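Below you'll find the structure, written out as C-alpha cells, and then a few comments.
Per chain, numbering begins at 1; letters A, B, ... match sequence-line order. These numbers were taken from a predicted model, which means no experiment stands behind them.
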Amino acid sequence: MARVDDPLGLLPYETLRGQPLAVVLAPGQGVGFAWEGGSLAIPTADPTAVVARVADHDPRWVWWLARETALPLLEAGVRPRTCWDLGAVARLLWAVRREEPDAVWAAAHGLPIPAPEVRRPAMHGGPSLFELLDQDESNEGPIGPAGMLTRPWVNGFWAADPHAAQQWAELALQVQQIQATQLATLADPRAEPRQPPLPLLTALSESAAALLAVELGLYGLPLHIPTAEGLLRDIVGERPRDPAHEQALRQVRDDAVLQHAPGDAIDLRSPAQVRALLGSVGLTLPDTRSWRLEPHAATSPLVAALLTWRKAERVATTYGYSWLDRCVEAGETGGRLRGEWRASDGAGGRMTASAGLHNLPTELRSAVRADPDFTFVRADLGQIEPRVLAAVSGDQALAAAAREEDMYAPVAAALRCDRPTAKVAVLAAMYGQTSGAAGAALRDMDRAYPTAMAYLRSAEAAGREGRDLRTYGGRLLPLQAVVAHAELPQGAYGRFARNAVIQGAAAELFKAWAATVRDGLHQLGGRSGAQIVLCLHDELLIHVPSEHVDAAVEVLETSLAATTRWWAAGSGVRFVAEIATGPDWASAH
DNA sequence: TTCCCAACGTA
DNA sequence: CGTACGTTGGGAAT
C-alpha cells in the first residue's frame, strides 16, 4: 500500500473540470477516487478536507447516493457544484424503486433487482465492520459469482479502508459510464446537435435535485416559532399542558359540534358515525367529505359546526403543537422546519418532502419567516402544465398560445368560448375528463390543437395497454409492470399515463430550473448566503441575505431563460416566472 | 402490530 | 376537470 502524502500531485487536475470523478468517503480512513483512466486511494483521517481541495478543480462528482456522500461533505462546509447521482439516474433510466448500489448495479447490468435486505432491529445501527469481515464473501471482493454486488460491500465494507473505497469508486465510475451510454441512445437524433442531448441534461438536473434534496434537509425551512405558536393559539387554542388537559381541550372542541346534534355523543373522527349522525337529521350522503357537506352548511348549523371543527382538527392533529415540537428545531438565527426530501418520487417524478413541508396550510405560512437581515424571494412558474404540453407535444398552435403571458386567453379565442371554459377544457384534456362538463370545448380542442391532443391520446393508449413510456426528458414510466399487476380498471391507467407525461415533464423542467438557480446562488454570499429552502412543484422559495435580493431575482430570471433555452429548444414556448419578495412566505406573493 | 380507507392539506 | 404525495385517526385483519 503506497502511502500518499500529497494527493494534489496524483489526480489529473488539468483535465478535471466538468469531468466525471467518482468519490467514495471512508470516514476516518480515507477517500477513494476514480476517473476515466485512473483511480486513487488516499489514506487520511479527514477525507472531507481532501475532497474540499479537489473541489477547487470543479469536477463532476460521481457518487452512488447524494445522501451518503454529499451529506458529510455539506456538513463539513464543502458545497459541491455539479454531480452525477447514480441512484437518481438509475431511477430516470430504469425506474428502479430502490436507489441503493445493489439495485442500481443490477439494473445497469440487466440483472434481476435484488430484494431489499431485511434490516435487523437497529439495536446497534446495522452490522459492524467486524461482522462484515466475518461474512464469507468479504474476501471475495465486491462482485459475487452471479455478477451481483456482494452483501458485505453493499452493507458498507467499502468504508473499511481507502483501497476498498477506491474499488467502490471504480465500480461507481463503471456504472456512470453505462448510464452515459444508455442516455445517449435515448437522444433524439433530430435534435440540435450542438447542445448535449436532453436525456443527458435531464440526468444532470435530476442528479442536482438529489443533491439539493440533501441540502434542503440539512438547511431546513426558516420558521419563526413564536409566530407559529400565536397562529396555533388562534386556530386551535392554547397549548395543552399535559395529556389530560389535551383531552379536555379536545372535548371542548367536540362539544361545539355535538351541541347541535341530537341523541348520544358520537365520535366526530369516525366517518361512519358522522355519516349515521347526518342521516339521523335527514341528510343521507354517500360520504362525509367536506365538498359534499359544503352545500348544506347554510341550512344546517350541525354541518356548519362540523366543517369548522374539521378545519381546526386538521391543524390540531397534523400541524399542531406536537408537530411544532417534533419537526421544528430552535436555532441561533431562527427556527428550522426539517423534513426528509426526495428528488423524484412515484409516477409524477416530483420532489416530495415529509414533516408537512409540502402541505402546510396557507394560514400557517406567515410563520415561515426569514432570519434577521434575510429576505425571502419566491418564484413560481405560471401555467406550467399547459405550457409543458405545448413544448413536449410540439403543437405549433398551442405553442403560439403559450407565447402569451396568459395562454388561456388565446385558447379561449381559438375555442370560441370564455376563459374559464377554455381553462377547464385544457385541464380536462391533460388529465382525462370523466364527466361531460367540458364536452363541447373539448371537441374544439381536437380541432384547434390536434398535435397536442394526439400526444395525450397516445399516452393514454400506452397506459391502457400497458406499454412503457418515457417522459420528454427520458424518465421511464414502467407501465408494463404496473398494468401487469393491475388492480384498477384499465381506464385508470389511461388517465394515469396521460397525467404522468405532463406532470412528469413539468417536474423535470422545474428541477432543471432549480438546479440552475442553485448553481447561480453559489456566488451570492458563500456558505451563509442565499439558499433554496423550499421546492413546491412549481414554486421556489429562496432565503437570501437582504443585500442580495436584487441579485437573487436576477438569478431566478436568467436561470429560467437559460433552462428553457435548452429544455424547450425550438418549441417556441415561453415559460414565465412570477417573482415576489417579502419577510415571510405569506407576504412574498 | 400491521394494513387499508376516509379525509384533507398542498401543487 | 383530474392527477400526485404526506399525514392523521378509525377500524378491520393479523
Side-chain angles (χ1 to χ4, degrees), chain A residues 221 235 250 254 266-276 285-294 306-307 309-320 322-323 326-327 339-365 368 378 380-386 388-389 408 420-442 445 456 459-460 463 477 487-488 491-507 510 534-541 585:
Chain A
L221 180 67
I235 300 168
R250 197 164 124 154
D254 291 6
I266 60 136
D267 186 350
L268 295 171
R269 292 158 194 82
S270 164
Q273 289 184 40
V274 170
R275 186 166 171 268
L285 300 169
D287 58 62
T288 73
R289 288 181 159 84
S290 55
W291 62 267
R292 222 185 270 285
L293 298 180
E294 207 70 61
L306 180 62
L307 288 170
W309 176 90
R310 283 250 178 93
K311 196 97 180 146
E313 191 67 9
R314 164 68 40 184
V315 174
T317 53
T318 309
Y319 307 100
S322 74
W323 164 77
R326 230 178 31 250
C327 303
E340 278 195 26
W341 286 82
R342 297 176 159 278
S344 177
D345 241 16
R350 284 175 162 186
M351 297 180 83
T352 58
S354 66
L357 279 156
H358 272 177
N359 31 13
L360 201 68
T362 43
E363 61 262 44
L364 293 181
R365 291 185 175 187
V368 176
R378 190 195 64 87
D380 70 85
L381 298 176
Q383 305 172 343
I384 181 173
E385 294 192 337
V388 161
L389 171 60
Y408 292 123
T421 307
K423 183 174 176 179
V424 168
V426 171
L427 294 176
M430 280 192 293
Y431 305 138
Q433 95 293 353
T434 49
S435 71
L442 262 177
M445 284 284 294
L456 292 167
E460 178 169 357
L477 299 169
E487 290 163 14
L488 300 166
Y493 295 104
R495 273 205 307 284
F496 168 89
R498 192 184 262 261
N499 177 255
V501 291
I502 301 300
Q503 191 185 104
F510 174 80
L534 190 72
C535 295
L536 196 46
H537 310 315
D538 64 354
E539 179 176 350
L540 279 174
L541 191 66
W585 190 11

Worksheet, complete the sentence: Between A:A459 and A:A497, the two heavy atoms sitting closest are O-CB, 3.3 Å

Tabulate atom names and distances for all N/O pairs under 3.5 angstrom spanning the protein and nucleotides 11-14 of chain C.
residue, atom, partner, partner atom, Å
C:dG11, OP1, A:S270, OG, 2.9

Worksheet item: Between A:I266 (CD1) and C:dG10 (P), how many Å, whole number?
Response: 12 Å

Worksheet item: Rounded to the Å, how far apart are A:E340 CD and C:dT7 C1'?
Response: 14 Å

Response to the item:
Rounded to whole Å, the CE-P distance (A:M351 to C:dG6) equals 13 Å

Worksheet item: CD1 of A:I384 versus P of C:dG2: gap in Å, rounded?
Response: 22 Å

Worksheet item: Along nucleotides 3-11 of chain B, 5' to 3', which nucleotides get a B, which get an S, and which get a -, given that the test is a protein heavy-atom distance under 4.0 Å?
Response: ---SBBBSB

Item to complete: Please report the closest heavy-atom contact between A:C535 and A:M351, naming both atoms and the distance.
Response: CB-SD, 3.7 Å

Worksheet item: When we call it a touch if two heavy atoms are under 4.0 Å apart, what does A:A355 touch: a base, just sugar-phosphate, or nothing?
Response: sugar-phosphate

Worksheet item: What do the steps show when you test A:R350 against A:H358 for side chain to side chain contact (heavy atoms under 4.5 Å, CB included), and what is the final call?
Response: CA-CA 11 Å; A:R350 284 175 162 186; A:H358 272 177; over 6 Å; no

Discussion item. Show the nearest heavy-atom pair for residues A:D254 and A:W309, with the distance to one decimal.
Written reply: OD1-NE1, 2.9 Å

Worksheet entry | Check: A:R275 side chain, A:L285 main-chain N or O, donor-acceptor pair, under 3.5 Å | yes

Worksheet item: Is the closest side-chain donor-acceptor distance between A:R314 and A:S290 under 3.5 Å?
Response: no

Item to complete: Considering non-hydrogen atoms only, spot the tightest contact between A:F510 and A:L540 and give its length.
Response: CZ-CD2, 3.8 Å

Practice prompt. Report which part of the nucleic acid A:A353 touches: base, sugar-phosphate, or nothing (heavy-atom distance under 4.0 Å, all strands).
Written response: sugar-phosphate

Item to complete: Mind listing the closest non-hydrogen atom pair of A:L442 and A:A425 along with its distance?
Response: CD2-O, 3.7 Å

Item to complete: Give one of base, sugar-phosphate or nothing for A:R326, where a contact means two heavy atoms less than 4.0 Å apart.
Response: sugar-phosphate

Response to the item:
Correct closest heavy-atom pair for A:Q273 and A:D267 would be OE1-N, 2.8 Å

Worksheet item: So, is A:T352 close to the C:dG6 phosphate, meaning a side-chain N or O under 4.0 Å from OP1 or OP2?
Response: yes

